[in-house]
Number of protein chains: 2
Amino acid sequence: MKKPAPKKAFRLTPQREAILRFLEGNTSHPSAEDIYARLRRKFPGMSFATVYNTLQSLLGRGDLIEVRIDRGRARFDPGLKPHHHLLCVRCGAITDLPERAPVRPAGLPRGYRLLSSNIEFYGICPACGKKEGRREELSCAKKRKK
Amino acid sequence: MKKPAPKKAFRLTPQREAILRFLEGNTSHPSAEDIYARLRRKFPGMSFATVYNTLQSLLGRGDLIEVRIDRGRARFDPGLKPHHHLLCVRCGAITDLPERAPVRPAGLPRGYRLLSSNIEFYGICPACGKKEGRREELSCAKKRKK
DNA sequence: ATAATATTTAGAATGATTCCAATGTAATAA
DNA sequence: TTATTACATTGGAATCATTCTAAATATTAT
């Protein structure tokens, strides 16, 4: 019934290995550009496309999670155990938060198949809270690193 | 201590009024383009920039919530009461889900000021589940309307 | 070695969003 | 009323992340 699964190979090239190593245990939630900037030290001729290609492969293999909490750019997270994310709307730092319990939605429509979920928290980290006064403005997160 | 707040006016122009009316009670979570496409019926000469400008203003006033669950494009939601979102990764439909209870993160770091939170659920809606067989692939959501 | 398959690369293309400079318009001051 | 100011609108250019493409390489199977 199902096709025999085209099973395409995944070759662990030097570039990919370096990306994997950089990501392994990394809790900084780097963006594609972060990864590229770091990797080009070792592979000066590396293409941005390679980073994206590799990230796509890793996502497909489930080795990686794409975190979309930061507006505009995707961030990547080695997919260990399920957890949530906390974004500082000032400096953009992302902190992992433990998952209290598997999240189940109330009022899931009949027949809807649930695949995954995640909780995003927004706030101001201690460092940023100290720097600025004590203002509000929850609206935008325009500032971005660089 | 605080500056007297520059207080800038918000003028309810015909365009803005139309946008507001379109959004009012709208649970379809339209994108900027959806709004533009709809509004140009009434205002053929309307600029895309006006839509974005208005959305920004409304966001700043808290009249609107920006939903980022759909990769690539922002979706907008008149900010009624807090609720969660459920995205069909096939057709892109977004369903509102009631908030069971105010969400509090476990393990919030000391000194971190929490501003807001939201839960995103991903799944396959009944209609899409019926169409296709019963495959898995949770990875990507490439298909987009249009 | 040869063919088949997968990967890398540079750069072009895409698409959403933002920016900008010129113009229009409403509200207010003189 | 007229001038002044502040806010809006518009079209198009600019930006930025991401995807795509075509050509060059590398790897694996035959």
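Chain identifiers are assigned alphabetically (A, B, ...) following the order of the sequence lines, protein sequences preceding nucleic acid strands; residue numbering begins at 1 within each chain.
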Taking [atom1] from [X] and [atom2] from [N], how many angstroms apart are they, rounded to a whole number?
X       : N      : atom1 : atom2 : result
B/Phe48 : C/dT18 : CZ    : C1'   : 12 Å
B/Arg71 : D/dT18 : CZ    : P     : 8 Å
A/Arg11 : C/dT7  : CZ    : C1'   : 7 Å
A/Leu12 : C/dA6  : CG    : P     : 16 Å
A/Glu17 : C/dT7  : CD    : P     : 15 Å
A/Asp70 : D/dC16 : CG    : C1'   : 13 Å
B/Leu59 : C/dT17 : CG    : C1'   : 13 Å
B/Lys8  : D/dA8  : NZ    : P     : 8 Å

Mapping B/Tyr36 and B/Phe10 to their closest nucleotides on DNA chain D, which lands nearer the 5' end?
B/Phe10
Residue mapping more 5' on DNA chain D - nearest nucleotide basis, A/Ala49 or B/Gln15
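First, find each residue's nearest nucleotide; the 5'-ward one identifies B/Gln15.
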Which part of the nucleic acid, if any, lies within contact of A/Thr50, taking any heavy atom under 4.0 Å across all strands shown: a base, the sugar-phosphate backbone alone, or nothing?
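It contacts base atoms.
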Do the side chain of B/Asn26 and the main chain of B/Leu23 share a donor and acceptor less than 3.5 angstrom apart?
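No, the answer is negative, given that no donor and acceptor are paired below the 3.5 Å cut-off.
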Side chain A/His83, main chain A/Lys81, donor-acceptor under 3.5 Å
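Flag set: sc A/His83 to bb A/Lys81 pair under 3.5 Å.
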Within-4.5 Å side-chain heavy-atom neighbours: A/Asp96 and A/His84:
no
Taking C-beta and beyond as the side chain, do B/Thr54 and B/Ser57 meet within less than 4.5 Å on heavy atoms?
no
Do you know which two heavy atoms are closest between B/Tyr112 and A/Leu87, and how far apart they sit?
OH-C, 3.5 Å
Using a cut-off of less than 4.0 Å, is there contact between a side-chain N or O of [X] and OP1 or OP2 of [N]?
X       : N      : answer
A/Arg16 : C/dT7  : yes
B/Gln56 : C/dT17 : no
B/Tyr52 : C/dT17 : yes
A/Arg73 : D/dA17 : yes
B/Thr13 : D/dT9  : yes

Within residues 37-46 of chain A: residues closer than 4.0 Å to DNA chain C (heavy atoms):
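Output list: A/Gly45, A/Met46.
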Assess whether one donor atom and one acceptor atom, taken from the side chain of A/Ser47 and the base of C/dA10, lie less than 3.5 Å apart.
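A donor-acceptor contact between them is present.
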Could you pick out which residue, B/Glu66 or B/Asn53, lies toward the 5' side of DNA chain C when each is mapped onto its nearest nucleotide?
B/Glu66
What I want to find out is whether B/Glu120 reaches A/Arg68 closely enough, with some N-O distance under 4.0 Å, to be called a salt bridge.
no
Which pairs would a plain distance check flag for residues 40-51 of chain B, meaning a side-chain donor or acceptor within less than 3.5 Å of a matching protein atom at least two apart in sequence or in another chain?
| unit_1 | atom_1 | unit_2 | atom_2 | d |
| --- | --- | --- | --- | --- |
| B/Arg40 | NE | B/Tyr36 | OH | 3.4 |
| B/Arg40 | NH2 | B/Tyr36 | OH | 2.7 |
| B/Ser47 | OG | B/Ala49 | N | 2.9 |

Is there a side-chain contact (heavy atoms from CB on, under 4.5 Å) between A/Ile119 and A/Leu97 once you walk through the steps?
CA-CA 9 Å; A/Ile119 309 186; A/Leu97 290 174; over 6 Å; no
